[in-house]
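Here the structure comes first, spelled out in structure tokens, and everything after it is commentary.
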Amino acid sequence: MDYLDQINLSKLPQHVAIIMDGNGRWAKGKGKLRIFGHHNGVTSVRDVVEGADKLGIKYITLYTFSSENWNRPKLEVMAIMELMVSTIHKEVPGFMKNNIKLNAIGDLDMLPEKCYNELQNAIETTAGNTGVVLTLALSYSSRREIVRAAKNIAIKVKSGELDIDDINEDVFEQNLFTGDMPNPELLIRTSGEYRISNYLLWQIAYAELYFTTKLWPDFRKEDLYEAVLDFQKRERRFGMTSEQVN
Ligand code: IPE
Ligand code: IPE
Ligand code: MG
């Protein structure tokens, strides 16, 4: 029996976030340049989104490029941006066919103009789709997102739109990029690194963490199913006792 047959479809995570890591090492292992790994990572993205759709996972959020990644060698950064432009352009017909809605979070205005425009175009084109919501975290830093939310709230307080006493977790959450999404219940990181790297710090407060040593270009929908199955075996207690939640 494969993983898919064992998954309980009534207990799916609504939102899965993924830190797609290991492209560079994958390429190096094959004696190729790092960008070869990024190119092959696109196949994994396609396959995993297809898997999420097949299962019925509504939200999938992919760490695609961090704010810290701007510090990589210029050639690699440029190659990633080029890859983004061509990939987004190529994928739009598939998004339309499969009812996928594209979304992006992060400091998008830091992206090169061509990349920004291609992204906005794809987001607008797919805006009416009602299937999987595929969110790309691009030029994303969770700490920056939190600071930005704090600033937005301060502006609203200053203008009188919001009362200080009305600031609570819900209000704060609404001011994050992810305000209109449920929090991820499952966070997957590939490549055997056991860290969060400034990703969705607020949102993963109670997410189940799943680490695999697989490198991202080797990750496929079956690996997603395996992670979901693992998720379903866990007892999510939210601070309560085992007896309480059962
Ligand atoms: C993840 O793979 C992709 C990005 C961060 C853009 P890496 O490029 O980090 O690959 P490794 O970790 O160096 O192997
Ligand atoms: C995290 O991977 C960012 C993305 C996957 C886009 P990194 O490879 O940049 O993370 P660190 O530097 O190893 O923490
Ligand atoms: Mg890495």
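Whatever order the structure lists them in is the order used to number ligands and atoms, beginning at 1.
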Contact check, side chains of N103 and M181, non-hydrogen atoms, under 4.5 Å: yes
Less than 4.0 Å is my threshold; does some heavy atom of G22 fall inside it relative to ligand 1? yes
So which heavy atom in the protein is nearest atom 14 (O) of ligand 2, and how far is it from that ligand atom? S197 OG, 2.6 Å
Inspect the contact between R195 and E193 and indicate whether a charged nitrogen and a carboxylate oxygen are less than 4.0 angstrom apart. yes
Using modelled atom types and a 3.5 Å cut-off, is there a donor and acceptor pairing between side-chain atoms of D163 and backbone atoms of D165? yes
Of all the non-hydrogen atoms in the protein, which one sits nearest to atom 9 (O) of ligand 2, and at what distance? N69 ND2, 2.9 Å
Hphob cluster co-occupancy, Y199 + Y210, side-chain heavy atoms under 4.5 angstrom: no
Is the contact between T64 and ligand 2 made by the side chain, the backbone, both, or neither, using heavy atoms and a 4.0 Å cut-off? backbone
Between R72 and ligand 2, which part of the residue brings a heavy atom under 4.0 Å of the ligand: side chain, backbone, both or neither? side chain
Nearest heavy atom to atom 6 (C) of ligand 2: which of Y199, Y63, W216 does it belong to? Y63
Any donor-acceptor N/O pair, E76 side chain to P73 backbone, under 3.5 Å: no
So if I count the atoms of ligand 2 from 1 in the order they appear, which ones are less than 4.0 Å from some heavy atom of F65? 6 (C)
Looking only at heavy atoms of E193, does any of them come nearer than 4.0 Å to an atom of ligand 1? no
Measure from the ring center of F238 to the ring center of Y206 and say whether it is less than 6.0 Å. yes
If the cut-off is 2.8 Å, does any N/O/S atom of D21 fall short of it from the Mg ion (ligand 3)? yes
Flag: protein heavy atom within less than 4.0 Å of atom 12 (O) of ligand 2: no
Would you say T43's side chain and G41's backbone share a donor-acceptor pair under 3.5 angstrom? no
Atom 5 (C) of ligand 2: of R195, M20, R189, the nearest heavy atom sits on M20
What do you reckon, does W26 have a nitrogen or oxygen under 3.5 Å from a nitrogen or oxygen of ligand 1? no
Side-chain contact, heavy-atom cut-off 4.5 Å: L4 with L55? yes
Are any non-hydrogen side-chain atoms of K11 and F231 less than 4.5 angstrom apart? no
Does a side-chain heavy-atom distance below 4.5 Å link W202 with L176? yes
For ligand 1, note which part of H38 has a heavy atom under 4.0 Å away: side chain, backbone, both or neither. side chain
Do me a favour and list the nearest non-hydrogen protein atom to atom 10 (O) of ligand 1 with residue, atom name and distance? G24 N, 2.9 Å
Any N or O of I80 closer than 3.5 Å to N or O of ligand 1: no
